[in-house]
Protein chains: 2
Amino acid sequence: MVDTPKSAAAETRPKSGKPTLRTLADLTGFAVTTVSRALSNAPQISAETRRRVHEVAAEIGYLPDRAAQRLKTGRTNVISVLLDPHEEILGYGTSLMLGLAKALTDTPYHIIVTPNFMNDSNLDAVRHIVRNSMADGLIFSRTEPFDPRVRFLLENDFPFVCHGRTELSTPHPYVDYDNFSFAYEAAKRLITRGRRKPTIILPPKRMTFSQHLMHGFMTAVREAGVAYEIPEEIHLDSPIDHIRDFISRRAGQPDAPDGFVCGGEVSALATITGMSDHGLALGVEYDIVAKQTSKLLVNIQPKVETIYEDLTDTGEQMGRVLMARIAGTNTADMQVMLKPTINFPAT
Amino acid sequence: MVDTPKSAAAETRPKSGKPTLRTLADLTGFAVTTVSRALSNAPQISAETRRRVHEVAAEIGYLPDRAAQRLKTGRTNVISVLLDPHEEILGYGTSLMLGLAKALTDTPYHIIVTPNFMNDSNLDAVRHIVRNSMADGLIFSRTEPFDPRVRFLLENDFPFVCHGRTELSTPHPYVDYDNFSFAYEAAKRLITRGRRKPTIILPPKRMTFSQHLMHGFMTAVREAGVAYEIPEEIHLDSPIDHIRDFISRRAGQPDAPDGFVCGGEVSALATITGMSDHGLALGVEYDIVAKQTSKLLVNIQPKVETIYEDLTDTGEQMGRVLMARIAGTNTADMQVMLKPTINFPAT
DNA sequence: CGGTTCATTTAAAACGTTATAAATAGGCTC
DNA sequence: GAGCCTATTTATAACGTTTTAAATGAACCG
């Protein structure tokens, strides 16, 4: 058998740095090409050769040079996640990436996070990544109905998955949460608990899921025929004190709402603080149903009812879909909708 | 002058993809080497050539291929930030990276975030980054007195800056916050406000700054000669509900603390909730002084007094120090201590 | 045994950049 | 005008990988 190196003596060995294909070639007596092929499990390499090369590679801890692979193939083996500052609060990013990492296990892909400072849109970051081919795929959120990032990526045929839908006519990969159902069930719950005037704190209007939430909320209040109101002055991305102060001000006026659907945990906390300025107690004078994405809110304020959005699952789905997109599978099964699991305590 | 290309006709032009040095060479009539040198402002290139090359490069939007640069030079132009899940809550990561990004403006360095899942130490991530030369420099936090990551990086002479000090004898770059002063001033403040039994919620004991906080706290209570206690059951990284339940339980027992120094905002919120289980009100029956690193706490609970830690400044300092370390400047000025700015309202 | 297959291995070229060493051409001196 | 600086430019060789095309040799066929 080939258990000893053949005649690998006269080779020009690399000084002694990191092991390279060349090192493996010298060690096994095969040519660099063969080693490369063996490691990538190319079909035309004999089983015995493949085995031997893998063996020695593992032994000396060979790892391919990503820069060289990237230069040669044009592929970066990198997935870039665009994160807004808004999103890192309360671990949106963490949960999402935990799932993403799970989906990318056993792929050659690395995750790199591109945080978005300064500019409110991250279209520039998208352009930069595409133009400099800094990644093979993109993941982002805060999707808008006619999202310029989606437009740009579709035009350039660059693989991506966004969290949230658009209203563009070209179908594209996305993973979304059923925000209609969330808001519908949340509002219904408030009404069931006897609240006569629900309200909802929405994301900025330009984001697609703002419409979905609004629609779900409206459907519930119309079905029940109760009063409602929708504040224009604040949204989920407003500074916390703005929300708090607005709620407080409103609570001091006539016909104040007695039920809140909160799209995020932070806005729920701000609401509680604002209401308490007037001595109003959660669960007594008013109720809140909030979207739960972390443990913070429920542990601080167990009286808030919540509906869970599983961001880790979201991240995992996004990873799965992105892999499919990069592999070039057809667009079926590239649009995922995640359902909220409602689990209110019995009333 | 050289305002028209010389005889650049017979060159083998690249198909038509992204512009490369070769494209610029053909366009300007210079050799690839000259173009490369001109762009990197090498001294031996004539001023006119330099100008012309830069001009054309800007015109066609040339951007160097990072993979090729990296392969050739061995430098990655990447700074890697290791983030723990704990840290992304409440935007620790965001603030830090905002500052870091500021410090890296006008350098060729990119920031990439390596999130740490699974394993509680990220020594593995450090090893991986060093071994595969995935970055030119490393930034991390949650530093321990005999931090194995610091040890490893020092042994391998790999540039890094950590947030927090060690007790290793080899001096190394770090940026730290004066947690002694924080805890000292916080405890003193509680005592000044008439609290008779302060306590402190510390980070896990294995982290260096846990000792600093404890020391500052102890100094203050000893100076004042008041009672105190230090809970062993919980720490800043404990699940929120553990903290809340512990505080609640303790509040129901005799000799409960009436003043809390909280090392983080989340623990302060949990404390408030735990105390309110027994009808105890913040600012009435007890006080809290917390470390403030975001706007969340102060906007939710303005009655909590806080001392600010400027994480953006921290990030900027870390970037500055890391650049110096990479440039090989001597180790002076590589140890930065940031002072808390105390600004309590007049009593 | 020459020719044709097939399975396996190999040499050489390329990706875009930088580093090394060499070439070119003015401008001097003598 | 030969000789020698100096300033500027250039050709060539890497970096470690994959791809393309070619080589090797064993087996098989007529």
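Labels below follow one simple rule: chain letters A, B, ... track the order of the sequence lines, proteins then strands, and each chain is numbered from 1. The analysis underlying the following values was restricted to heavy atoms, covering all of them including side chains, and did not include hydrogens, waters or symmetry mates. Since this is a predicted model, take the numbers as computed values, not measurements.
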Within this structure, what is the [atom1]-to-[atom2] distance between [X] and [N], rounded to whole angstrom?
| X | N | atom1 | atom2 | value |
| --- | --- | --- | --- | --- |
| B:N132 | D:dG16 | CG | P | 14 Å |
| A:K72 | D:dT20 | NZ | C1' | 9 Å |
| B:K18 | C:dG16 | NZ | C1' | 13 Å |
| B:L24 | C:dT18 | CG | P | 12 Å |
| A:F30 | D:dT18 | CZ | C1' | 19 Å |
| A:D65 | C:dC15 | CG | P | 18 Å |
| A:D26 | D:dG16 | CG | P | 13 Å |
| A:R70 | D:dG16 | CZ | P | 17 Å |

Of the listed nucleotides ([options]), which one gets closest to any side-chain atom of [X]?
| X | options | answer |
| --- | --- | --- |
| B:T33 | D:dT17, D:dT9, C:dT20 | C:dT20 |
| B:R37 | D:dA14, C:dT9, D:dT10 | D:dT10 |
| B:T20 | C:dT18, D:dT17, C:dG16 | C:dG16 |
| B:L71 | D:dC15, D:dT9, C:dT8 | D:dC15 |

Taking only side-chain nitrogens and oxygens of [X], does any of them come within less than 4.0 Å of OP1 or OP2 of [N]?
| X | N | result |
| --- | --- | --- |
| A:S36 | D:dT18 | yes |
| B:S46 | D:dA7 | no |
| A:Q44 | C:dT9 | no |
| B:T49 | D:dT9 | yes |

- [ ] Show your working on side-chain contact (heavy atoms from CB on, under 4.5 Å) between B:L98 and B:L100 and close with a plain yes or no.
- [x] CA-CA 5 Å; B:L98 185 60; B:L100 185 57; over 6 Å; no
Open item on the list: If you assign B:A31 and B:A68 each to the DNA chain D nucleotide with the nearest heavy atom, which residue ends up on the more 5' nucleotide?
Closed with: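 Nearest-nucleotide comparison on DNA chain D picks B:A31.
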Between [Y] and [X], is there a side-chain donor-acceptor contact under 3.5 Å, judged purely by atom types and distance?
| X | Y | value |
| --- | --- | --- |
| B:Y62 | B:H54 | no |
| A:H110 | A:R66 | yes |
| B:T76 | B:D136 | yes |

Open item on the list: Students often get this wrong, so: under 4.0 angstrom with heavy atoms, is B:T34 touching a base, only sugar-phosphate, or nothing?
Closed with: base
Open item on the list: Distance to the ring centre below 6.0 angstrom and angle to the axis at most 45 degrees; does that hold for A:R149 and A:F160?
Closed with: no
